[in-house]
Every structure is written in C-alpha cells, then in structure tokens.
Amino acid sequence: MSVSGKTAGIKDVALAAGVSVATVSRVLSNGPVSDALRRRVEDAVRATGYRPNLSARRLRSQHSQTIGLVVSDIRNPFFTAVSRAVEDAAYRAGMRVILCNSDENPEREELYLRLMQEERITGLIFAPTRATLDRLDGLDLDFPVVLIDRNAPTGRHDAVVLDNPRAAAMLVEHLHAQGYRRIAGLFGNTSTTGQERHEGYRAAMTARGLAPAARFLAPHADAAEEAVVAWMAERERPEAFIVSNSLFLMGVVKAARRLHLPIPDGLAVAGFDNEPWTELVGPGLTVIEQPVQDIGQSAMALLFERLEAPDRPSRRLILGGTCIVRGSTAARMAAAD
C-alpha cells in the first residue's frame with residue numbers, strides 16, 4: 001500500500017499516528033514507549049503500508065544499540081579525545097559507536113548521513129562543516145542529532161560547544177598583558193568554530209586599540225606552516241600568533257623552526273587544546289584547555305534526554321575553557337597602553 005500513490009515513508013507513519021518521527025523510530029526499534037502509543041504507531045504502519053528498508057530483526061538490534069559519531073578530522077587531537085569520551089559513555093549504556101571521519105568534506109558528510117540512515121542508528125553526534133550545517137534542518141533524518149563543537153544558526157538541534165569567542169578573547173588579553181601588540185590570528189575556514197573564535201579575537205583586539213590581522217585556512221598543519229612562513233616575510237610581521245586549533249599550532253611551531261625563530265623571543269605562540277605534546281615543545285605552549293571529557297559526556301546525555309523526550313525544546317550547553325599559560329607567551333616588554 002502507498003500514501004498518495006507513492007511509497008510510504010516514516011514521516012507518513014508519524015503523521016498518521018499523530019506522533020513525532022523519533023517516536024515512530026523508537027517503536028520500530030522496540031524502544032521505550034507506552035503500550036498505547038506502540039499500538040497507535042503499529043496501526044499507522046499497517047494503514048500506510050510502510051516497509052522499513054531493513055528486516056525487523058536488524059532494526060531492533062541496531063537501532064536500539066548504535067550511536068553514530070561523525071567528526072571533521074580524527075587526526076585533530078580534540079576530536080580524538082571527544083570520540084573517546086563518547087565511546088566510554090556509550091559502552092556504559094550498553095551501546096556501540098559507528099565512527100566516521102568526514103575530513104571537513106560536505107560530500108563525505110552526505111555519504112555518512114546516508115550510511116547512518118541505512119544502519120538505523122539510535123542517534124547521531126555530529127561535528128559538521130558549515131556547508132552541511134546550513135542545510136541540516138532540511139534533511140529528512142529519522143534519528144536525533146546532537147552537535148558538538150558547532151553552533152546551528154536555527155538552534156533546532158541540541159548542541160555542546162565551547163564559549164569560543166570568550167576563549168579567543170582570553171588569549172588576546174593574555175598576550176596584550178605580556179606586551180605583545182602585533183598579534184595575528186589563523187582560523188579554520190570550514191566550521192563555525194573558527195568563525196566564532198575569530199569574532200572573539202577581533203573584538204578583543206579592537207577593544208584594546210589593536211589592529212586585527214587574521215587569515216582563514218583549511219584546517220591542516222601544512223597550511224598553517226606555509227601561511228606563517230609567508231607572513232613572517234612581510235615588512236610588518238607579527239610578534240605573536242593566536243591559532244584556532246591544535247593542527248594550526250603544530251604548523252606554527254614547524255614554521256618557527258624552519259625560520260630559526262626561537263619561541264617566544266622570535267615569535268610568541270598561543271592556541272587551543274591542551275594536548276600532552278604542547279608542554280614538551282620549547283618552553284611549553286600557552287593553550288586554551290577544552291573540557292573534552294565533559295563535551296563528549298554531555299553530548300551523550302543530551303542524546304539520551306532527546307530519546308526520552310523527543311518533543312522537548314532544544315538545548316545548547318556552552319562550556320568554558322581554561323587558559324594554560326606556558327613559556328611560549330613570556331613577557332616581551334613592560335605592557336603599555
């Protein structure tokens with residue numbers, strides 16, 4: 001049987017039963033719903049002729065036990081740590097995780113979203129590119145989505161993010177207090193994270209009467225290295241760099257070594273993510289430490305809350321970062337107004 005001459009979909013079942021798509025998904029996966037609600041949905045399935053694209057056994061075994069996790073770059077230590085936190089929380093809940101790496105590529109994200117649909121995951125934790133984020137609301141997904149490290153413009157989806165503008169401003173404030181004035185910034189060009197950190201950097205620079213000097217790059221260490229080498233050849237070269245992720249941090253360190261610039265006397269450096277290697281480079285690198293364990297655990301908590309209450313308003317958790325000061329931003333001179 002079909003609806004209006006076409007094959008019935010899960011939205012048709014939801015409409016016929018007067019429930020949300022997520023509720024239909026929970027019934028089909030033998031999830032926790034009341035007996036009355038289950039009968040309503042099952043009646044709607046029969047009435048519409050809806051046929052899942054997987055067998056009922058596969059639906060039950062996968063939809064009730066699998067979390068999808070799509071990150072933008074698993075080489076980024078931040079996402080490695082968050083992935084571990086998500087996997088730990090899923091393990092404690094008796095669930096498994098399907099991990100996909102999009103490499104900041106919208107086409108790969110589209111492919112992985114189709115995969116998640118076919119696998120009938122229970123829910124998705126997602127760090128999308130800006131391109132995918134802009135069209136996320138229009139996608140016909142039959143599972144809830146929790147965003148990490150990304151802010152949705154509509155606020156429709158639950159999200160766990162760092163207070164990115166404040167974190168970047170903290171680095172500017174610190175460098176300014178240490179006597180630096182020509183503070184350049186390198187920011188990722190594929191995500192809302194880089195954009196938000198740039199906004200915080202720019203606002204803090206302007207508030208102190210300093211001229212912002214920012215460039216946006218693909219999120220790779222090599223891109224940052226080449227950008228710094230070229231920038232340091234200019235007449236008004238920066239005294240310090242603020243970078244928006246740990247891959248850029250690696251690139252700046254490589255550029256400083258390539259140019260034989262000691263850190264911080266030749267070039268001060270500050271960035272994001274308190275990875276073990278950051279305290280071993282030179283005098284140690286000043287970084288914003290993100291609460292990666294809390295981000296992963298909070299994302300899973302929001303996902304479970306959404307499964308229990310599919311129609312509740314979306315929530316956005318904004319977490320604070322901590323500035324870990326090390327020798328890479330040692331005082332240049334007595335601070336002056």
Side-chain angles (χ1 to χ4, degrees), residues 9-45 50 52 54 56-71 82-99 113 116-128 136-137 139-152 154-161 291 293-319:
I10 196 169
K11 284 189 173 181
D12 298 309
V13 176
L15 183 63
V19 299
S20 70
V21 169
T23 298
V24 175
S25 295
R26 286 208 309 283
V27 171
L28 293 175
S29 65
N30 201 28
V33 297
S34 68
D35 290 341
L37 195 55
R38 185 179 301 279
R39 285 193 295 271
R40 240 165 75 196
V41 171
E42 290 173 346
D43 288 345
V45 168
Y50 174 67
L54 299 173
R57 177 178 299 179
R58 189 163 182 244
L59 256 173
R60 285 193 298 270
S61 65
Q62 294 195 1
H63 198 93
S64 61
Q65 298 178 1
T66 306
I67 300 296
L69 174 61
V70 180
V71 300
V82 170
S83 298
R84 174 62 186 269
V86 168
E87 197 278 332
D88 285 347
Y91 175 78
R92 289 193 296 271
M95 308 181 80
R96 65 173 183 159
V97 176
I98 297 177
L99 172 63
L113 287 174
M116 299 301 173
Q117 292 274 57
E118 293 167 0
E119 292 293 328
R120 295 295 188 179
I121 62 170
T122 301
L124 176 66
I125 296 175
F126 193 16
L136 190 59
D137 286 355
L139 299 180
D140 184 17
L141 303 176
D142 60 0
F143 47 77
V145 177
V146 176
L147 302 175
I148 54 171
D149 197 48
R150 304 290 192 264
N151 259 322
T154 63
R156 174 182 169 185
H157 298 281
D158 297 315
V160 185
V161 296
Q293 191 73 18
D294 290 343
I295 291 172
Q297 291 178 346
S298 296
M300 286 294 288
L302 284 179
L303 185 56
F304 290 145
E305 289 178 17
R306 176 63 58 188
L307 292 169
E308 290 295 324
D311 299 319
R312 69 163 173 77
S314 63
R315 293 178 59 196
R316 183 176 66 165
L317 299 182
I318 302 176
L319 306 180

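Interatomic distance, E87 CD to R84 CZ, rounded to the nearest 0.5 Å: 7.0 Å. With rounding to the nearest 0.5 angstrom, the CG atom of L147 is 10.0 Å from the CG atom of L302. For the atom pair CG (L37) and CD (E42), the distance works out to 10.0 Å, reported to the nearest 0.5 Å. From D158, atom CG reaches atom OG of S298 across 11.5 Å, with rounding to the nearest 0.5 Å. Summarising the geometry, atom CE belonging to M116 is positioned 9.5 Å from atom OG1 belonging to T66; distances are rounded to the nearest 0.5 Å. Remark: L99 CG to I67 CD1 distance equals 13.0 Å, nearest 0.5 Å.
The main-chain N or O of A159 is never found under 3.5 Å from a side-chain atom of R316 such that the two would form a donor-acceptor pair. Checking side-chain atoms of R306 against main-chain N and O of R312 turns up a donor-acceptor pair under 3.5 Å.
Considering all non-hydrogen atoms of both residues, P144 and L307 come closest at CG-CD2, 3.8 Å. In plain terms, the two heavy atoms of D311 and S20 that are nearest each other are OD1-CB, 3.5 Å. Smallest separation of non-hydrogen atoms from L303 and G123: CD1-CA, 3.9 Å. The shortest non-hydrogen separation linking Q297 to A85 is N-CB, 4.4 Å. Contact record, S83 with V71: OG-CG1, 3.9 Å, taken as the closest heavy-atom pair. What you find for A93 and F304 is that their closest heavy atoms are CB-CZ, 3.7 Å.
Partners of D294 according to the salt bridge (Lys or Arg N to Asp or Glu O under 4.0 Å) rule, which considers only residues two or more places apart in sequence or in another chain, do not exist here.
Each of L124, D142, L139 was checked for a side-chain contact (heavy atoms from CB on, under 4.5 Å) with Q117, and the lone residue meeting it is D142.
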Candidate pair H157 and D137, rule side-chain contact (heavy atoms from CB on, under 4.5 Å), full reasoning: CA-CA 8 Å; H157 298 281; D137 286 355; 3.3 Å; yes
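Of the charged side-chain nitrogens involved, none lies within less than 4.0 Å of a carboxylate oxygen, so that R92 and D88 do not count as a salt-bridged pair.
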